[in-house]
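Inspection log for the structure reproduced underneath, given as structure tokens.
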Amino acid sequence: MKIRLGSKCPFSLEVTQCCGQAFRWNKQGEWWYGVVRDKAFKLCQIGNELEFEDVDADFVKDYFGLADDLPRIYSQICIDIQMTKAIEMFRGLRILHQDPWECLISYICATYKNISAIKQMLFNLSKRFGDKIDFEGNVFHTFPNAERLAKASLKELKECSLGYRAKFVSETAKTVRENDFEFERLRRAPYERAKAELLDFPGVGRKVADCVLLFSLGKVDAFPVDVWIRRAIIRHYASYFPDKFINRIRSQKSLTDSEYEKLNSFGRKHFGKYAGYAQEYLYHYERTQT
DNA sequence: GTGACACCTGGTAG
DNA sequence: ACTACCAGGTGTC
């Protein structure tokens, strides 16, 4: 099946897949293969045509955020030289609509890891605890639900190379299952409220909470601050902060909560209601331009 | 409310 | 070969 993307709907599958939001996609030849919720499917883009198999168009449109009015978003966040460059370079990058549960576990696992290591951990978890799916003769796996991960022993989780994150994943899974936690409820809650609820999960701090809100709960005003965003701000937005503050966060290994809040609220105020989109462009720019 | 430190593990620069 | 450091930070004194 194919859909044609109009000129008002810029989209780059390649950039979107390579900017490090989601971790369980792989490219083979021209096609991207992935599993979303219970569904394995593949897709490829040629020019303004998006082709896919084994999944319907509405699902694709939803997952890849094709309903987001990107030209409008650009007009709102394109307010300085830095963002202008990033948008020019990565036009068509979109925020995915990931599954909140998978997203939460993914970013709990992401602390102190690089992207390839994160992919490896999530692959291990899926292979060991997920359900098999046969697609085109290849084996794929769903991401294990809360019940499956709650039942897993710490030893088993550590064998997936989770290290100290095993305990966080296990306890978060147990909490989600015991409370029958409804992620969809957070979609309707305001940003601050939804964030506060996520912060209650073990292994979830401000950065992880912001990632989950942005990448899976539709909070496009969330502005996750990681090492790359910190570097980007130090490099391009230092003039918005006192010198003393910049020097301090430049020399530290990690941010304190209050330093995080300062950078986070700067991003949200500076870029406005689509700050999350600005964050992704800045993040990808900083990672690829050094 | 802040600040220092430990933390699994795999890769890579010195 | 061996050490040091870093990786999409968080929890705990």
Side-chain angles (χ1 to χ4, degrees), chain A residues 15-25 86 90 93 95-96 98 102-125 128 152-173 175 195-216 219 222-235 244-245 247-265 267 275-290:
Chain A
V15 178
T16 301
Q17 293 290 30
C18 295
C19 70
Q21 298 176 61
F23 304 101
R24 297 212 312 127
W25 284 90
F90 306 127
L93 191 174
I95 307 278
L96 300 175
Q98 297 187 53
E102 177 173 346
C103 193
L104 175 63
I105 297 302
S106 298
Y107 283 92
I108 286 176
C109 289
T111 70
Y112 256 64
K113 284 284 180 188
N114 57 36
I115 289 180
S116 69
I118 300 164
K119 284 183 171 173
Q120 190 59 50
M121 285 188 281
L122 299 173
F123 175 82
N124 294 342
L125 281 179
R128 181 145 189 177
S153 69
L154 285 183
K155 180 172 175 290
E156 289 175 311
L157 294 173
K158 284 180 180 170
E159 283 165 3
C160 296
S161 63
L162 266 62
Y164 66 83
R165 303 161 194 81
K167 198 170 153 193
F168 296 149
V169 167
S170 175
E171 289 177 5
T172 292
T175 307
K195 187 169 178 176
E197 288 208 32
L198 290 175
L199 286 173
D200 282 340
F201 288 112
V204 177
R206 287 167 163 73
K207 190 272 177 180
V208 171
D210 276 325
C211 285
V212 176
L213 291 171
L214 176 60
F215 298 136
S216 73
K219 303 288 185 245
F223 190 85
V225 179
D226 53 47
V227 288
W228 296 99
I229 291 298
R230 186 194 345 170
R231 283 174 199 152
I233 291 177
I234 289 170
R235 193 174 302 196
K244 221 171 130 186
F245 177 78
N247 287 332
R248 198 167 73 218
I249 65 171
R250 200 202 310 271
S251 59
Q252 285 173 182
K253 264 205 301 282
S254 57
L255 298 172
T256 66
D257 284 352
S258 82
E259 287 159 354
Y260 184 97
E261 282 304 311
K262 285 194 173 72
L263 297 179
N264 174 255
S265 66
Y277 261 96
Q279 191 272 3
E280 265 318 271
Y281 281 80
L282 261 192
Y283 172 80
H284 197 44
Y285 187 88
E286 192 66 20
R287 274 180 57 89
T288 53
Q289 302 304 304
T290 44

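Convention: sequence-line order gives letters A, B, ...; per-chain numbering from 1. Keep in mind that this is a model prediction, so the values were computed, not measured.
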Inset, instruction - Anything under 30° is parallel, anything over 60° is perpendicular, the rest tilted; go ahead and classify A:Tyr283 against A:Trp228. - result: perpendicular
Can you tell if the side chain of [X] reaches within under 4.5 Å of the side chain of [Y], non-hydrogen atoms only?
| X | Y | result |
| --- | --- | --- |
| A:Gln120 | A:Ser116 | no |
| A:Ile229 | A:Lys207 | no |
| A:Val169 | A:Met121 | no |

Between [options], which nucleotide has the shortest distance from any of its atoms to the side chain of [X]?
| X | options | answer |
| --- | --- | --- |
| A:Phe168 | C:dG9, C:dG11, B:dT2 | C:dG11 |
| A:Ser258 | C:dT10, B:dT2, B:dC7 | B:dT2 |
| A:Lys207 | C:dA7, C:dT10, B:dT2 | C:dT10 |

Inset, instruction - Kindly compute the distance separating CG (A:Leu93) from CD (A:Gln21), expressed to the nearest 0.5 Å. - result: 6.5 Å
Legend entry - Gap separating the CD1 atom of A:Ile234 from the CZ atom of A:Phe245, nearest 0.5 angstrom: 8.5 Å
Inset, instruction - Would you jot down, in residue-number order, the residues of residues 113-122 of chain A having a non-hydrogen atom under 4.0 Å from DNA chain C? - result: A:Lys113, A:Asn114, A:Ile115
Inset, instruction - State whether A:Arg231 places a side-chain N or O below 4.0 Å from either non-bridging phosphate oxygen (OP1 or OP2) of C:dA7. - result: yes
Under 4.0 Å, heavy atoms only, any strand: does [X] hit a base, just the sugar-phosphate, or nothing?
| X | answer |
| --- | --- |
| A:Gln279 | base |
| A:Gln21 | base |
| A:Val225 | nothing |
| A:Cys19 | base |

Legend entry - Upstream residue (5' side of DNA chain C) when A:Gly203 and A:Cys211 are each assigned their closest nucleotide: A:Cys211
Legend entry - Watson-Crick and G-U pairing of DNA chain B written in dot-bracket, each distance under 3.5 angstrom, with | for inter-strand partners: ..|||||.||||||
Inset, instruction - May I have the distance from A:Lys167 (atom NZ) to C:dG9 (atom C1'), rounded to whole angstrom? - result: 16 Å
Inset, instruction - Tell me, please, which residues at least two apart from A:Thr256 pass side-chain contact (heavy atoms from CB on, under 4.5 Å). - result: A:Ser258, A:Glu259
Inset, instruction - Taking atom C1' in both B:dG3 and C:dA7, compute the distance separating them and give it to the nearest angstrom. - result: 23 Å
Inset, instruction - Please measure how far the P atom in B:dC8 lies from the corresponding atom in C:dC2, and state the result in whole Å. - result: 24 Å
Legend entry - Check: A:Gln17 side chain, A:Trp25 main-chain N or O, donor-acceptor pair, under 3.5 Å: no
